[in-house]
Amino acid sequence: SRHPRTGEGSMLVRLQPGWRGSRSPALQGDEEIFVVDGALEADDGRRLEEGCYSFQAAGRARGAWSSPHGALVYASTGAHPELLA
């Protein structure tokens, strides 16, 4: 879903095995991630497994996420959804 004026929204995303996202030098909006199934790995060594939650505030840099074995992720984003970038 996406708010028509602000661009804020949420999504349920199935990431395929081997998926890799990109770094974000400064998030345009808050980013919340909840791993429903599978796992995400951050390039700083963090690992989010099933049931894990992550919050990154707008304006902060965020490294790249990847999912070597695939994942089902619920994400809530600000006006610019960098998660899938």
Side-chain angles (χ1 to χ4, degrees):
S1 68
R2 178 117 356 249
H3 189 280
R5 285 181 300 185
T6 67
E8 293 182 74
S10 58
M11 61 191 103
L12 186 62
V13 182
R14 170 123 359 238
L15 304 173
Q16 297 300 312
W19 175 85
R20 289 190 172 279
S22 60
R23 296 176 146 268
S24 177
L27 290 170
Q28 298 298 308
D30 293 344
E31 176 185 88
E32 295 179 278
I33 299 170
F34 178 78
V35 179
V36 177
D37 186 43
L40 290 176
E41 296 179 1
D43 60 1
D44 65 4
R46 289 181 298 142
R47 181 175 169 85
L48 298 180
E49 296 179 345
E50 182 177 324
C52 288
Y53 169 85
S54 173
F55 174 84
Q56 293 286 331
R60 293 191 59 197
R62 188 217 349 104
W65 289 109
S66 65
S67 185
H69 304 291
L72 180 62
V73 176
Y74 176 81
S76 177
T77 64
H80 303 279
E82 289 98 349
L83 171 66
L84 300 179

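Please read these numbers as outputs of a predicted model, since none were measured by experiment. In this chain, residues are counted from 1 in sequence order.
I33 is listed as a side-chain neighbour of L40, based on a closest heavy-atom distance under 4.5 Å. Contact annotation: the side chain of M11 approaches that of T77 to within less than 4.5 Å [non-hydrogen atoms, C-beta and beyond].
Listed by chain and number, the residues in a side-chain hydrogen bond (donor to acceptor under 3.5 Å, both in side chains) with E49 are R47 (sequence neighbours excluded). Not counting sequence neighbours, D30 has no partner by the side-chain hydrogen bond (donor to acceptor under 3.5 Å, both in side chains) test. R23 meets the side-chain hydrogen bond (donor to acceptor under 3.5 Å, both in side chains) test with D43; sequence neighbours excluded. Looking at residues two or more places apart in sequence or on another chain, you find no side-chain hydrogen bond (donor to acceptor under 3.5 Å, both in side chains) involving Q56. Scored by the salt bridge (charged side-chain N to carboxylate O under 4.0 Å, His left out) test, R14 finds no partners at all (sequence neighbours excluded).
Atom SG of residue C52 and atom CZ of residue F34 lie 8.5 Å apart, to the nearest 0.5 angstrom. Rounded to the nearest 0.5 angstrom, S22 OG and W65 CH2 are separated by 13.5 Å. Atoms OG and CD, on S67 and E41 in that order, are 7.5 Å from each other to the nearest 0.5 Å. A distance of 8.5 Å separates OH of Y74 from CG of L12, quoted to the nearest 0.5 Å.
Annotation for Y53 and L48: closest pair O-CD2, 4.3 Å, computed over non-hydrogen atoms. Residues G21 and A64 approach most closely at O-CB, 3.4 Å, considering heavy atoms.
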Residues L72, E50; criterion side-chain contact (heavy atoms from CB on, under 4.5 Å); working and verdict: CA-CA 9 Å; L72 180 62; E50 182 177 324; over 6 Å; no
